[in-house]
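Here's the structure we're looking at; comments come further down.
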There are 2 protein chains.
Amino acid sequence: MSAVDKAFHGLRHMIATGRLGPGDRIPPEAELGEELGVSRGPLREAVRMLAALGVVEPRHGSGTYVSQLRPEDVIGSLSLTLELLPLSGLLEVYEIRRVLEAHVAAKAAARRTPETVKTLYSLIESMEATEDPTEASELDHRFHAEVARAAENPTLASLLAVFRARSRKYQVFTLPEGPEMRRKSDADHRVLATAIADRDPGAAAGAAEAHVAQTERWLRAFMPPVEETDGGPEDAPS
Amino acid sequence: MSAVDKAFHGLRHMIATGRLGPGDRIPPEAELGEELGVSRGPLREAVRMLAALGVVEPRHGSGTYVSQLRPEDVIGSLSLTLELLPLSGLLEVYEIRRVLEAHVAAKAAARRTPETVKTLYSLIESMEATEDPTEASELDHRFHAEVARAAENPTLASLLAVFRARSRKYQVFTLPEGPEMRRKSDADHRVLATAIADRDPGAAAGAAEAHVAQTERWLRAFMPPVEETDGGPEDAPS
DNA sequence: CGGCCGGGAGTCATCTGATGACTTTCGCTG
DNA sequence: CAGCGAAAGTCATCAGATGACTCCCGGCCG
């Protein structure tokens, strides 16, 4: 086992067993390195790995701290790399998103508060009022985030936030057909908000699923088709 | 921007723009460090971060290579940290899993091949035959993985695999009540496999959802209730 | 007495140089 | 032509030194 692995698993074990809890500061590099039997170089590399995964957070001059270990902390690490995936993978992500958006919409409809409804309509009006595609995209994100928040599952909400961030990179609203898409999208939002306001989970799920499916169709239509690399049946050469 | 950030984002950018593609070997440390304007220390830390996220893979003595960038490569990085989450977060994960397992079951029922059905029943028979809880858990995992595979969405399949791995850590089958749970679980599997064999998506979804919900109830029942840390309303002190 | 401010200790960030371990390639030998 | 061994290339690790930043504490001033 390499020195980096020793440090990585050692540190992870200290957190898993509770010796280090959320918010704790881990020992200084020199001290921890001696305890784990590695020098500072590999130890720092292991700490960076855990930082990339959202488990710890180094603060220059202060120390390195264990994160709160909320599900969103760990899931957020995906956002840095999900956009490196090829388009074919993105379509698979859309399928997941469609299922989960439908679920959170239904749950939001069942649990909504008056404040949620008010916020949703407020966001819709802002969306319909703006001309800036970037601002519209931002408001769209907040609208769906609000629906997810109302479903009362922060893990699911942050997972969907990551998926949406990946999709937003494509900026479909800036295309020539953008304004037309915008109007359709706005109409979808009204249908969804109304279903939630009516406490109608079935309608909300249907509206959310249709909305995502629509976005997915736009992406299929305006992005290059998935290309066969060349040797179809081959698997990962590893 | 720190040297590590410069190296991390620089390298990530080289991959995002296609200058480095899946399977490519990245330049040697000395050379890349000079190009990015950082010394070897921070560069190595940045490479380790990308390695932890499943984007690159260093091979001692040979070089560092970009991964295939399949969705499962990136999602797999979650498995190292998901088990650090507290139990409260786990229940939220179960809700996601319930929705997604229902979806893959329905899709598997719609697309199943005779081979899939044969494999599923073969796994069920092995499960019912064994006494070893560890082996049973392994077979259970393979059964659900086969269902997910039949749904033809590798991203979703690997996401569910990560979620299941987190759940398996609890080894509920080793409890005194284990054998009884095992029989219930086996019965669930038969219902699900039959629904898939009958090409009945609705029944398959219902069976899968009920199966996950059952597991979830066992976990709630036999694990300590979620404890309030003490100062309820406080948020992350950041 | 209280708030502001400066200094010092503690900690992470970075650079440099050197050595070891492992893989791959290529030329030599039989 | 096959096998093998040496050499080059590359990552892995260690050590030491310096810089940058944060935090706390004690003194000073109002």
Side-chain angles (χ1 to χ4, degrees), chain A residues 1-12 14-15 19-68 73 77 80 236-238, chain B residues 1-12 14-15 19-68 73 77 80 236-238:
Chain A
M1 177 181 284
S2 74
V4 174
D5 283 355
K6 224 183 345 178
F8 181 81
H9 288 109
L11 205 41
R12 181 163 154 276
M14 289 170 77
I15 296 171
R19 179 168 158 196
L20 289 174
D24 285 355
R25 189 175 71 176
I26 73 177
E29 290 177 352
E31 188 180 326
L32 188 55
E34 189 176 5
E35 175 179 339
L36 296 173
V38 302
S39 86
R40 281 183 48 228
L43 173 60
R44 284 181 57 79
E45 293 177 24
V47 168
R48 288 290 185 187
M49 290 172 71
L50 287 168
L53 295 169
V55 175
V56 303
E57 177 191 350
R59 298 183 204 165
H60 191 170
S62 171
T64 299
Y65 300 79
V66 179
S67 82
Q68 293 302 314
D73 295 325
S77 69
L80 287 173
S238 176
Chain B
M1 178 182 283
S2 74
V4 175
D5 283 355
K6 227 185 342 181
F8 181 81
H9 287 109
L11 206 41
R12 182 162 152 276
M14 289 170 76
I15 297 171
R19 179 168 159 196
L20 289 173
D24 286 354
R25 187 176 74 178
I26 74 177
E29 289 176 354
E31 188 180 325
L32 188 55
E34 188 176 4
E35 175 180 339
L36 296 174
V38 302
S39 84
R40 282 178 40 239
L43 174 60
R44 284 181 58 79
E45 293 178 25
V47 168
R48 287 290 185 187
M49 290 172 71
L50 287 167
L53 295 170
V55 175
V56 303
E57 176 191 350
R59 298 181 202 165
H60 190 170
S62 172
T64 299
Y65 299 80
V66 179
S67 83
Q68 293 301 313
D73 295 325
S77 68
L80 287 173
S238 177

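By convention in this document, chain letters (A, B, ...) are assigned in the order of the sequence lines, proteins followed by strands, and residues within each chain are numbered from 1.
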**Request:** Name the nucleic acid region contacted by A/Gly41, choosing base, sugar-phosphate or nothing; use a 4.0 angstrom heavy-atom cut-off, strictly under.
**Result:**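 Result for A/Gly41 = nothing.
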**Asked** With sequence neighbours excluded, what pairs up with A/Glu57 under the salt bridge (charged side-chain N to carboxylate O under 4.0 Å, His left out) test?
**Response** A/Arg59
**Item:** A/Ile26 and A/Ile15: CA distance, side-chain angles, deciding distance, side-chain contact (heavy atoms from CB on, under 4.5 Å) verdict
**Value:** CA-CA 10 Å; A/Ile26 73 177; A/Ile15 296 171; 6.0 Å; no
**Prompt:** Rounded to the nearest 0.5 Å, how far does CE of B/Met14 lie from CG of B/Leu36?
**Reply:** 6.5 Å
**Prompt:** Could you state the interatomic distance from CG (A/Leu50) to OG1 (A/Thr64), rounded to the nearest 0.5 Å?
**Reply:** 10.5 Å
**Fill in**
Contacts of A/Glu35 meeting side-chain hydrogen bond (donor to acceptor under 3.5 Å, both in side chains) (sequence neighbours excluded), chain-then-number -> A/Arg19
**Message:** Going by side-chain hydrogen bond (donor to acceptor under 3.5 Å, both in side chains), name the residues that satisfy it together with B/Ser62, two or more places apart in sequence or in a different chain.
**Reply:**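 side-chain hydrogen bond (donor to acceptor under 3.5 Å, both in side chains) list for B/Ser62, sorted by chain: B/Tyr65.
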**Closest non-hydrogen atom pair, B/Val66 against B/Gly21** =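 Closest approach of B/Val66 to B/Gly21, heavy atoms only: CB-O, 3.4 Å.
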**Message:** To check you understand the geometry: which heavy-atom pair defines the closest contact between B/Pro58 and B/Val47, and what is its length?
**Reply:**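 Closest heavy-atom pair between B/Pro58 and B/Val47: CG-CG1, 4.4 Å.
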Every protein N/O lying under 3.5 Å from an N/O of nucleotides 7-9 of chain C:
none

**Asked** Taking the nucleotide of DNA chain D with the closest heavy atom to each, which residue, A/Ser39 or B/Pro28, is nearer the 5' end?
**Response**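 The residue whose closest nucleotide sits nearer the 5' end is B/Pro28.
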**Fill in**
Heavy-atom nearest nucleotide on DNA chain D taken for A/Ala3 and for B/Arg25; more 5' hit belongs to B/Arg25
**Item:** Test side-chain contact (heavy atoms from CB on, under 4.5 Å) applied to A/Met49 and A/Val4, step by step
**Value:** CA-CA 10 Å; A/Met49 290 172 71; A/Val4 174; 3.9 Å; yes
**Asked** Looking at residues at least two apart in the chain, or sitting in another chain, which of them share a side chain to side chain contact (heavy atoms under 4.5 Å, CB included) with A/His60?
**Response** none
**Asked** Mind checking what makes side chain to side chain contact (heavy atoms under 4.5 Å, CB included) contact with A/Ser39, not counting sequence neighbours?
**Response**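 Residues passing side chain to side chain contact (heavy atoms under 4.5 Å, CB included) with A/Ser39: A/Pro42.
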**Message:** Return a single string for nucleotides 17-26 of chain C, one symbol per nucleotide in 5' to 3' order, where B is base contact, S is sugar-phosphate-only contact and - is none, cutoff 4.0 angstrom on heavy atoms.
**Reply:** -B-BBBB---
**Item:** Within residues 42-50 of chain A: residues closer than 4.0 Å to DNA chain C (heavy atoms)
**Value:**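 Contacts with DNA chain C under 4.0 Å: A/Arg44, A/Arg48.
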For the pair made of [atom1] in [X] and [atom2] in [N], what is the distance, rounded to whole Å?
X       : N      : atom1 : atom2 : answer
B/Leu36 : C/dT14 : CG    : C1'   : 15 Å
B/Asp5  : C/dC12 : CG    : C1'   : 14 Å
A/Ile26 : C/dG10 : CD1   : P     : 18 Å
A/Leu32 : C/dC12 : CG    : C1'   : 13 Å

**Asked** If you look only at pairs with a residue in residues 41-52 of chain B, which of them pass as a side chain to side chain donor-acceptor pair (under 3.5 Å), with sequence neighbours excluded?
**Response** A/Arg44-B/Glu45, A/Glu45-B/Arg44, A/Glu45-B/Arg48, A/Arg48-B/Glu45, B/Glu29-B/Arg44
**Request:** Begin from the C-alpha positions of B/Leu20 and B/Leu11 and carry the test side-chain contact (heavy atoms from CB on, under 4.5 Å) through to its verdict.
**Result:** CA-CA 9 Å; B/Leu20 289 173; B/Leu11 206 41; 4.2 Å; yes
**Prompt:** For the helix from C/dC1-D/dG30 to C/dG30-D/dC1, what is the angle between the axes at its two ends, each from 5 pairs, rounded to 10°?
**Reply:** 10°
**Request:** Between D/dC11, D/dC14, C/dA13, spot the one nearest the side chain of A/Glu29, thanks.
**Result:** C/dA13
